[in-house]
Amino acid sequence: MTAIKTTVQTTPASTSQAVPYAIRAERTSDVTAREALLDACFGPGRFARTCQRLRDGRMPAEGLAFSAVRKGRVIGSVRLWHVSAGGAPALMLGPLAVDPACRGLGLGAALMAHALAEAAARGHRAVLLLGDAPYYTRFGFSLEKTSELSLPGPFERERLLGYELVDGALDGVAGMIVATGAAEGVAKPRRRGALAA
């Protein structure tokens with residue numbers, strides 16, 4: 001039986017600096033605040049980024065979009081997206097954003113730990129991202145198995161990182177990373193016996 005990794009190293013915020021917040025599933029009511037947060041963190045150029053090509057017109061993976069909320073205000077966000085990594089199923093993480101006023105308090109680490117734990121609990125096998133290695137290696141991401149993967153646009157090779165939720169999930173992966181998630185606006189079929197919302 002293949003072991004699933006669920007341990008993520010994080011650095012908790014010190015008690016004296018802690019900002020009380022809750023991490024919860026993203027809600028429709030979070031959309032406007034999330035977009036404003038992403039604008040504040042990444043600027044208008046965020047829509048031109050290569051990884052945005054994997055998100056355009058797609059829905060995040062089911063159950064894998066999260067908001068950090070403090071006093072009813074969205075102060076952090078992370079989403080994961082279905083992709084194929086050279087034919088292997090995986091998730092692409094991003095963007096991970098924290099309100100500039102709340103940085104340095106461990107919120108980004110908490111969002112990352114929550115997202116990875118939930119992805120593992122839902123049976124996903126691997127997570128990829130394009131980001132700063134010095135930050136993401138502390139969560140277990142590395143360059144070790146991503147050297148033969150490409151993205152649909154320009155990117156810096158040393159920023160394409162992978163994390164195996166299941167040992168060996170990225171062994172031998174090669175080729176283009178492409179979006180495989182559900183298209184936006186496509187209603188999911190209701191489960192038999194589901195109650196109307």
Side-chain angles (χ1 to χ4, degrees), residues 8 10-13 17-83 90-122 124 126-132 135-136 138-139 141 151-153 155 159-161 163 165 177-188 197:
V8 178
T10 62
T11 305
Q17 291 184 316
V19 175
Y21 60 84
I23 296 175
R24 60 165 167 73
E26 183 181 281
R27 298 176 182 168
T28 303
S29 59
D30 294 343
V31 171
T32 300
R34 183 197 68 233
E35 290 302 307
L37 175 64
L38 295 178
D39 285 343
C41 292
F42 304 112
R46 69 186 177 95
F47 295 106
R49 293 180 174 207
T50 294
C51 282
Q52 186 62 37
R53 303 293 71 77
L54 301 172
R55 300 187 287 261
D56 286 342
R58 302 284 178 165
M59 297 292 295
E62 186 175 350
L64 295 175
F66 303 102
S67 296
V69 180
R70 177 177 187 245
K71 296 181 179 179
R73 189 171 70 87
V74 174
I75 60 170
S77 174
V78 66
R79 297 168 123 198
L80 293 100
W81 311 78
H82 287 289
V83 295
L91 295 168
M92 180 65 83
L93 186 143
L96 171 65
V98 172
D99 185 314
C102 299
R103 290 188 183 152
L105 302 177
L107 179 54
L111 280 164
M112 177 65 77
H114 188 86
L116 292 177
E118 189 61 28
R122 289 176 171 267
H124 294 284
V127 179
L128 302 166
L129 61 79
L130 195 62
D132 297 326
Y135 180 80
Y136 290 106
R138 66 184 168 136
F139 302 106
F141 283 86
L151 287 166
F155 70 100
R159 292 171 54 84
L160 181 57
L161 309 172
Y163 178 75
L165 296 167
I177 298 171
V178 296
T180 59
E184 279 184 323
V186 176
K188 292 182 280 190

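Note that the coordinates shown come from a computational prediction; the quantities given were computed from them, not determined experimentally.
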Closest approach of [X] and [Y], non-hydrogen atoms and distance?
| X | Y | value |
| --- | --- | --- |
| Ala183 | Met59 | O-CG, 3.7 Å |
| Leu37 | Ile75 | CD2-C, 4.0 Å |
| Tyr21 | Ala110 | OH-CB, 3.3 Å |
| Leu38 | Pro95 | CD2-CG, 3.6 Å |
| Val69 | Arg24 | CG2-NH2, 3.3 Å |

State, yes or no, whether a side-chain contact exists between [X] and [Y] at a heavy-atom distance under 4.5 Å.
| X | Y | answer |
| --- | --- | --- |
| Leu96 | Tyr135 | yes |
| His124 | Leu64 | yes |
| Arg79 | Arg55 | no |
| Val178 | Pro152 | no |
| Glu26 | Val74 | no |

Could you go through Cys41 and Val98, starting from their C-alpha distance and side-chain angles, then the distance that decides it, and tell me whether this counts as side chain to side chain contact (heavy atoms under 4.5 Å, CB included)? CA-CA 7 Å; Cys41 292; Val98 172; 5.8 Å; no
Kindly assign one of parallel, tilted or perpendicular to the pair Phe141 and Tyr163, based on the angle between their ring planes and the thresholds 30° and 60°. tilted
Salt-bridged, Arg70 to Asp99, with N to O below 4.0 Å? no
Presence of salt bridge, Arg27 and Asp30, under 4.0 angstrom: no
Rounded to the nearest 0.5 Å, how far apart are [atom1] of [X] and [atom2] of [Y]?
| X | Y | atom1 | atom2 | answer |
| --- | --- | --- | --- | --- |
| Leu116 | Leu165 | CG | CG | 6.5 Å |
| Ile23 | Leu107 | CD1 | CG | 6.0 Å |
| Leu54 | Met92 | CG | CE | 5.0 Å |
| Leu129 | Leu160 | CG | CG | 8.0 Å |
| Trp81 | Ile177 | CH2 | CD1 | 15.5 Å |
| Ser77 | Leu111 | OG | CG | 7.5 Å |

